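This is a predicted model, so every value here is computed, not measured.
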Amino acid sequence: MNTTSLHARHRAVLPDWLALYYAEPIELTHGEGRHVWDAEGRKYLDFFGGILTTMTAHALPEVTKAVAEQASRIIHSSTLYLDRPMVELAERVAQLSGIPDARVFFTTSGTEANDTALMLATAYRRSNQILAMRNSYHGRSFSAIGITGNKGWSPTSLSPLQTLYVHGGVRSRGPYAALSDAEFTDACVADLRDMLGQTRGDVAALIAEPVQGVGGFTSPPDGLYARFREVLREHGILWISDEVQTGWGRTGDHFWGWQAHDQAGPPDLLTFAKGIGNGMSIGGVVARADVMNCLDANSISTFGGSPVTMAAGLANLSYLLEHDLQGNARRVGGLLIERLRAIAAQVPAVRDVRGRGLMIGVELVRPGTDEASPEAATAVLESCREAGLLIGKGGGHNTSVLRIAPPLSLTVAEAEEGAAILEGALREAP
């Protein structure tokens with residue numbers, strides 16, 4: 001198969017801004033377990049899972065069987081008709097969410113899920129003012145871009161929302177970086193209070209990723225959002241936890257990212273997507289009933305809650321829970337993080353290794369400085385691919401963070417194999 005020809009065809013008909021990895025992009029044709037193959041027949045250990053989306057494993061038999069069986073009966077009906085798989089998955093997600101009297105609405109992506117959450121929050125509060133975190137990313141839609149605090153992913157300043165950006169999403173950079181965790185949290189809470197004291201009108205909601213994904217797997221000290229929640233409650237402001245990347249046990253210690261801040265209880269709204277479908281297009285919003293039911297107009301979803309994607313989600317969630325993949329993420333992820341930290345101690349280009357479970361970021365800088373090095377990140381990405389390892393990159397400072405997020409069924413041997421490849425690439429980094 002001619003990948004060069006396919007690349008030329010891609011460039012001829014698709015947008016210039018549609019990003020592709022690698023100087024010579026690859027076409028992935030099939031996968032199994034934690035591995036994928038390209039059109040040239042090369043095998044790769046997958047440490048990025050289609051951007052944290054292949055959550056359990058490639059070609060997981062339980063999921064592919066569920067998809068095939070449902071597709072053989074009926075593929076589509078829309079939400080105008082009762083949909084048994086959708087009801088069954090909603091029941092499970094509502095119970096797992098931790099939100100009391102929860103209602104679930106399914107979408108086709110994380111972008112659409114966050115868009116829906118913003119609509120619900122602004123309708124409920126009758127305000128278009130939103131608090132968002134600096135360095136954040138919540139999707140590609142017009143409203144989601146309007147609350148994105150990362151300039152690399154924000155192509156326009158136009159927005160239907162008035163967005164106010166809050167400190168706290170990035171622990172190791174910015175004006176509070178030198179503070180202790182307790183001092184950092186106090187400073188961020190003080191900043192939030194000060195901002196609200198100067199805001200005209202009633203803010204609708206704070207939307208926050210417990211661990212920032214595109215932003216480079218950064219996170220605040222545990223408990224920060226609980227402290228924020230105390231302030232929000234004083235003003236009646238809702239809390240939306242964006243769990244598109246952190247949900248379903250990815251962080252190991254918790255099933256949801258918000259649970260690292262659970263002293264104040266669950267969020268008012270929770271958004272999810274990516275991993276639950278293991279590659280099928282599923283997103284959604286969980287909210288307490290009074291918030292979800294606040295709309296006074298009819299609505300449907302043509303493709304959200306599709307019988308086929310819901311069947312996939314049910315099978316995938318069952319596999320995740322029955323095989324304790326959250327526990328595996330905690331155990332294998334912990335080993336991998338420690339292995340990478342040991343490597344980083346010997347590589348001047350590595351500023352930081354951070355993360356939880358199987359959500360790990362490696363931040364690269366120009367040796368001897370604190371200056372981000374996107375060139376090094378690109379070089380390591382390319383070197384890893386040549387050696388048979390696929391990883392991602394991101395970060396709020398010119399995409400200088402390597403993003404490592406394998407399927408949650410990763411074995412210890414595969415973690416060691418990937419770490420060895422990454423070590424070689426890091427040692428050669430400019």
Side-chain angles (χ1 to χ4, degrees), residues 1-4 6-7 19-54 57-59 216-217 329 332-355 357-367 372-395 398-430:
M1 300 181 185
N2 191 328
T3 303
T4 302
L6 183 62
H7 186 202
L20 284 168
Y21 272 171
Y22 310 118
E24 298 180 4
I26 59 176
E27 176 192 3
L28 300 181
T29 58
H30 61 287
E32 182 179 348
R34 276 71 55 195
H35 292 87
V36 292
W37 284 259
D38 68 15
E40 311 298 327
R42 292 196 60 185
K43 180 181 179 181
Y44 302 92
L45 180 58
D46 185 4
F47 267 29
F48 203 37
I51 319 179
L52 292 82
T53 301
T54 305
H58 289 280
F217 292 171
V332 179
L335 292 172
L336 182 56
I337 290 172
E338 290 309 310
R339 175 83 165 85
L340 293 176
R341 284 176 175 158
I343 294 167
Q346 305 173 47
V347 179
V350 178
R351 178 179 185 270
D352 187 26
V353 176
R354 56 179 176 257
L358 287 172
M359 192 174 186
I360 306 168
V362 180
E363 184 177 351
L364 303 182
V365 293
R366 292 180 174 86
S373 180
E375 301 86 2
T378 297
V380 172
L381 194 82
E382 294 279 0
S383 182
C384 283
R385 185 203 67 127
E386 286 296 322
L389 177 70
L390 303 185
I391 59 175
K393 62 178 180 176
N398 301 311
T399 59
S400 61
V401 179
L402 306 175
R403 298 170 68 199
I404 298 163
L408 303 189
S409 56
L410 186 74
T411 68
V412 171
E414 290 164 344
E416 285 291 340
E417 177 188 352
I421 294 173
L422 192 55
E423 178 176 10
L426 286 169
R427 291 188 183 279
E428 296 173 1

Can you tell which of L426, V365, L402 makes a side-chain contact (heavy atoms from CB on, under 4.5 Å) with V350?
L426
Flag side-chain contact, heavy atom, 4.5 Å: [X] against [Y]:
X    : Y    : answer
V401 : D352 : no
F217 : I404 : no
L28  : L390 : yes
I343 : V362 : no
L381 : F48  : no

Looking at [atom1] of [X] and [atom2] of [Y], how far apart are the two atoms once the value is rounded to the nearest 0.5 Å?
X    : Y    : atom1 : atom2 : answer
Y22  : D38  : OH    : CG    : 10.5 Å
E414 : D46  : CD    : CG    : 10.5 Å
L408 : R34  : CG    : CZ    : 10.5 Å
I26  : L20  : CD1   : CG    : 10.5 Å
R427 : S383 : CZ    : OG    : 13.0 Å
I391 : Y44  : CD1   : OH    : 13.5 Å

Whether the side chain of [X] engages the backbone of [Y] through a donor-acceptor N/O pair (distance < 3.5 Å, no angle test) should be reported.
X    : Y    : value
R366 : A372 : yes
R403 : G395 : no
E382 : A23  : yes

What pair of heavy atoms forms the shortest contact from [X] to [Y], and how long is it?
X    : Y    : result
S400 : S373 : CB-N, 3.6 Å
A415 : V332 : CB-CG1, 3.8 Å
H58  : H35  : CD2-O, 3.8 Å

For L335, I'd like to know if atom CG has over 12 heavy atoms of other residues, nucleotides or ligands within 6.0 Å.
yes
Quick check on E375: does its CD atom have over 12 non-hydrogen neighbours (other residues, nucleotides or ligands) under 6.0 Å away?
yes
Have T3 and E40 got a donor and an acceptor in their side chains that come within less than 3.5 Å?
yes
